[in-house]
Asks: 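One structure, pasted below without further comment.
Numbers for residues simply follow the sequence, beginning at 1.
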Amino acid sequence: MKDAFGAPQSLLVLGGTSEIALATARRLIALRTRTVRLAGRPGPALDAAAAELRARGAEVRTVGFDALDAESHESTLGEIFAEGDIDMVLLAFGIVGDQGRDEEEPLAAVRVAQTNYTGAVSAGLVCAGALQAQGHGSLVVLSSVAGERVRRADFIFGSSKAGLDAFTQGLGDALHGTGVHVMVVRPGLVRPEPTPESTPESTPEAVPAARAASPSPSPARARGGAALLASARITAARTASARFASAPLEAPSLTTTPDAVAEAIVTGLRRRSETVWVPGSLRAVMSALRHVPRPLFRRLPL
């Protein structure tokens with residue numbers, strides 16, 4: 001069961017070598033999480049991750065898990081839940097793929113889709129059913145801002161995350177009122193943790209998202225006309241897109257790190273959030289970009 005501060009005492013990670021998942025596990029162990037199950041493909045990386053978390057005071061066990069082997073999910077995950085209640089499941093597996101290669105090799109593109117979407121659907125449903133049976137717990141799913149509006153540069157990966165995001169939202173609605181909390185996490189571009197040697201003294205700043213996505217109130221909005229309000233939103237989106245053209249989604253203020261995502265996950269758990277953006281400014285950015293007409297969107301350096 002979770003403690004008085006909402007921190008889980010037991011954690012199951014699907015994708016046990018994920019940097020974000022391990023950063024989250026470290027934070028949760030510091031908050032009294034005592035049992036961790038790392039599920040992933042067996043190998044030195046998974047063993048090293050388990051050893052590190054054990055050194056932090058947790059009881060850790062590794063479990064062989066393959067996202068692409070959906071037929072094994074029910075038995076593999078069922079055995080984990082049979083050992084005792086799980087307070088939190090973190091679904092953190094996924095692959096980015098290589099857009100150029102994947103367009104040329106459809107089977108490679110299918111692997112991206114099967115890993116990021118169909119594998120997650122299978123594992124997510126199995127875990128959701130187990131959490132519902134025990135009557136409590138959180139299912140946290142790592143999506144991506146790439147799924148909010150798919151870009152030409154990574155539409156194969158983005159489309160798989162779009163599907164995962166929609167699935168997670170629907171699953172959350174289905175489990176509402178059952179005692180199971182479902183949270184989707186939408187990170188921006190995740191960069192490695194900076195070091196003193198690699199961190200520049202100053203970095204270029206992107207256009208502030210709140211300013212770009214929140215134009216001054218127009219007379220049309222004041223009058224409350226529905227048609228004029230829609231027109232004002234489109235105008236605002238065009239203005240925002242023009243500003244973002246010089247500050248794409250890879251700008252430093254719109255990217256994040258594994259530790260920052262982990263902190264946002266822990267905060268979201270405490271608040272029982274349903275959606276978490278990391279960094280938070282991406283919410284305003286994507287709100288604007290969703291309304292950019294496709295001919296204009298194609299021209300943006302995103």
Asks: Using modelled atom types only, decide if a donor and an acceptor are shared between the side chain of Arg34 and the backbone of Ala58 within a distance under 3.5 Å.
Replies: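 A pair under 3.5 Å: no.
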Asks: Roughly how far, to the nearest 0.5 Å, is CG of Leu38 from OG1 of Thr17?
Replies: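 Going from OG1 on Thr17 over to CG on Leu38, the span is 9.0 Å.
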Asks: Please tell me whether Leu11 and Ile265 are part of a single hydrophobic cluster in this structure, the criterion being side-chain heavy atoms less than 4.5 Å apart.
Replies: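 Shared cluster, yes.
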Asks: Looking at Gly172, is its backbone amide N or carbonyl O close enough to the side chain of His176 to form a donor-acceptor pair, meaning the two atoms are under 3.5 Å apart?
Replies: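 No: the side chain of His176 does not pair with the backbone of Gly172.
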Asks: Determine whether Val36 and Leu28 make a side-chain contact, defined as any pair of heavy atoms from C-beta on separated by less than 4.5 Å.
Replies: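 No - every pair of side-chain heavy atoms lies 4.5 Å or more apart.
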Asks: Please check if Met88 and Leu77 belong to a single hydrophobic cluster, counting links between Ile, Leu, Val, Met, Phe, Trp and Tyr side chain heavy atoms closer than 4.5 Å.
Replies: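 The answer is no; the residues belong to distinct hydrophobic clusters.
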Asks: Could you give me the CA-CA distance, side-chain angles and deciding distance for Ser159 and Tyr117, then say whether side chain to side chain contact (heavy atoms under 4.5 Å, CB included) is met?
Replies: CA-CA 9 Å; Ser159 64; Tyr117 181 66; over 6 Å; no
Asks: Give the minimum heavy-atom separation between Leu68 and Arg41, together with the two atoms involved.
Replies: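 So the minimum-distance heavy-atom pair works out to CD1-NH2, 4.0 Å.
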Asks: Taking Ser273 for the side chain and Thr275 for the main chain, is one N or O donor matched with an acceptor at less than 3.5 Å?
Replies: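 A pair under 3.5 Å: no.
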Asks: How many angstroms lie between OG1 in Thr33 and CG in Asp87, if you round to the nearest 0.5 Å?
Replies: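 These two atoms lie 8.0 Å from each other.
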Asks: Does Arg101, at its CZ atom, have more than 12 non-hydrogen atoms belonging to other residues, nucleotides or ligands within less than 6.0 Å?
Replies: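 For Arg101, atom CZ is crowded (more than 12 foreign heavy atoms under 6.0 Å).
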Asks: Could you tell me whether a side-chain N or O of Ser287 sits under 3.5 Å from a main-chain N or O of Arg283, the two making a donor and an acceptor?
Replies: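 Answer holds: no.
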Asks: If you compare all heavy atoms of Leu46 against all heavy atoms of Val63, which two are closest, and at what distance to 0.1 Å?
Replies: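 Reported closest heavy-atom pair: CD2-O, 4.3 Å.
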Asks: Hey, is Glu274 close enough to Arg186 for a salt bridge, meaning N to O under 4.0 Å?
Replies: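 No salt bridge links Glu274 with Arg186.
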Asks: So Arg270 and Thr267, side chain to side chain contact (heavy atoms under 4.5 Å, CB included) or not? Walk me through it.
Replies: CA-CA 5 Å; Arg270 185 173 64 249; Thr267 300; 3.7 Å; yes
Asks: Are the side chains of Met183 and Arg272 in contact, using a 4.5 Å heavy-atom criterion?
Replies: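 With C-beta onward as the side chain, the pair stays apart.
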Asks: Could you state the interatomic distance from CZ (Arg111) to CD (Gln114), rounded to the nearest 0.5 Å?
Replies: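 So the CZ of Arg111 and the CD of Gln114 are separated by 9.5 Å.
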Asks: If only atom types and distance count, is the side chain of Asp102 paired as donor or acceptor with the main-chain N or O of Asp98 below 3.5 Å?
Replies: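 Between the backbone of Asp98 and the side chain of Asp102 there is a qualifying donor-acceptor contact (under 3.5 Å).
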Asks: Just do the side chain to side chain contact (heavy atoms under 4.5 Å, CB included) check on Ile86 and Thr35 with the steps written out, would you?
Replies: CA-CA 9 Å; Ile86 299 293; Thr35 302; over 6 Å; no
Asks: From Leu171 CG over to Cys127 SG, what is the distance, rounded to the nearest 0.5 angstrom?
Replies: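 Atom-to-atom, Leu171:CG and Cys127:SG are 10.0 Å apart.
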Asks: side-chain contact (heavy atoms from CB on, under 4.5 Å) with Leu164: which of Asn116, Thr118, Val141, Val184?
Replies: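 Result: among Asn116, Thr118, Val141, Val184, Val141 is the only option passing the side-chain contact (heavy atoms from CB on, under 4.5 Å) with Leu164.
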Asks: Counting C-beta onward and ignoring hydrogens, is there a side-chain heavy-atom pair between Leu12 and Ile80 closer than 4.5 Å?
Replies: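 Yes, their side chains come closer than 4.5 Å.
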Asks: Restricting to non-hydrogen atoms, name the atom on Phe93 and the atom on Thr115 that form the minimum distance, rounded to 0.1 Å.
Replies: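 Looks like CE1-O, 3.2 Å.
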Asks: Any chain of hydrophobic side-chain contacts (each under 4.5 Å) joining Ile95 to Val150?
Replies: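 Per the 4.5 Å side-chain linkage, Ile95 and Val150 are co-clustered.
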Asks: Can you tell me if Arg149 uses its side chain to pair, donor with acceptor, with the backbone of Val292 under 3.5 Å?
Replies: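 Indeed, once roles are kept as given, a pair shorter than 3.5 Å links the two residues.
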Asks: Less than 4.0 angstrom from a charged side-chain N to a carboxylate O is my criterion; do Glu59 and Arg37 meet it?
Replies: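 Yes.
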Asks: Side-chain contact test, heavy atoms from C-beta onward, threshold under 4.5 Å: evaluate it for Val140 versus Leu91 and give yes or no.
Replies: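 No; the side chains remain at least 4.5 Å from each other.
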Asks: Show your working on salt bridge (charged side-chain N to carboxylate O under 4.0 Å, His left out) between Glu103 and Arg152 and close with a plain yes or no.
Replies: CA-CA 11 Å; Glu103 289 185 39; Arg152 167 65 183 91; 2.8 Å; yes
Asks: Mark yes or no for whether His73, through its side chain, and Asp66, through its backbone, hold a donor-acceptor pair below 3.5 Å.
Replies: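 Yes, the answer is positive, given that a donor and an acceptor are paired below the 3.5 Å cut-off.
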Asks: Report yes if some heavy atom in the side chain of Pro187 is under 4.5 Å from a heavy atom in the side chain of Val145; otherwise report no.
Replies: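 Counting from C-beta outward, Pro187 and Val145 never come under 4.5 Å.
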Asks: Can you see which heavy atom on Gly147 is nearest to which on Ala162, and at what distance?
Replies: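 Where Gly147 meets Ala162 most closely, the heavy atoms are O-CB, 3.3 Å.
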Asks: Between the side chains of Asp173 and Gln169, is a donor N or O closer than 3.5 angstrom to an acceptor N or O?
Replies: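 Not at all, the side chains of Asp173 and Gln169 share no donor-acceptor pair under 3.5 Å.
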Asks: Measuring from Leu282:CG to Thr256:OG1, what's the distance to the nearest 0.5 Å?
Replies: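 Nearest 0.5 Å value for the CG-OG1 distance: 8.5 Å.
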Asks: Can you check whether Val89 reaches Phe81 side chain to side chain, under 4.5 Å on heavy atoms?
Replies: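 Touching, per the 4.5 Å side-chain cut-off.
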Asks: Does Arg299 have more than 12 heavy atoms from other residues, nucleotides or ligands lying within 6.0 Å of its CZ?
Replies: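 Open.
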Asks: Determine, using the 4.5 Å side-chain heavy-atom cutoff (strictly less than), whether Val121 and Ile156 are members of one ILVMFWY cluster.
Replies: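 They do not share one cluster, since no chain of ILVMFWY contacts under 4.5 Å joins Val121 to Ile156.
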Asks: Please assess Leu139 against Leu131 for the test side chain to side chain contact (heavy atoms under 4.5 Å, CB included), listing each intermediate value before the final yes or no.
Replies: CA-CA 8 Å; Leu139 173 61; Leu131 292 172; 4.0 Å; yes
Asks: Taking the side chain as every heavy atom from C-beta outward, state whether Gln134 and Val180 have any pair of such atoms under 4.5 Å apart.
Replies: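 When only atoms from C-beta onward are counted, Val180 and Gln134 do not touch, as no gap falls below 4.5 Å.
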Asks: Using only atom types and a distance under 3.5 Å, with no angle test, would you say the side chain of Thr178 pairs donor to acceptor with the backbone of Leu175?
Replies: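 Flag set: sc Thr178 to bb Leu175 pair under 3.5 Å.
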Asks: Over all heavy atoms of both residues, which pair between Gln99 and Ala153 is shortest? Give the atoms and the distance, please.
Replies: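 Distance-wise, the nearest heavy atoms are CG-O, 3.3 Å.
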Asks: Do His136 and His181 have side chains that approach each other closer than 4.5 Å (heavy atoms only, starting at C-beta)?
Replies: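 They are not in contact (no side-chain heavy atoms under 4.5 Å apart), so the answer is no.
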Asks: What's the shortest heavy-atom distance between Val276 and Gly268, and which atoms?
Replies: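 Smallest heavy-atom distance, with atoms named: CG2-CA, 4.3 Å.
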Asks: Measure the CG-CD distance between Leu289 and Glu148 for me, rounded to the nearest 0.5 Å.
Replies: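 Separation between the atoms: 10.0 Å.
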Asks: Without swapping roles, check the side chain of Ser10 against the backbone of Asp85 for a donor-acceptor pair under 3.5 Å.
Replies: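 Yes, because the side chain of Ser10 sits within donor-acceptor range (under 3.5 Å) of the backbone of Asp85.
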Asks: Spell out, yes or no, whether Leu53 and Leu31 are grouped together once hydrophobic residues are joined by side-chain heavy atoms under 4.5 Å, including indirect joins.
Replies: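 Shared cluster, yes.
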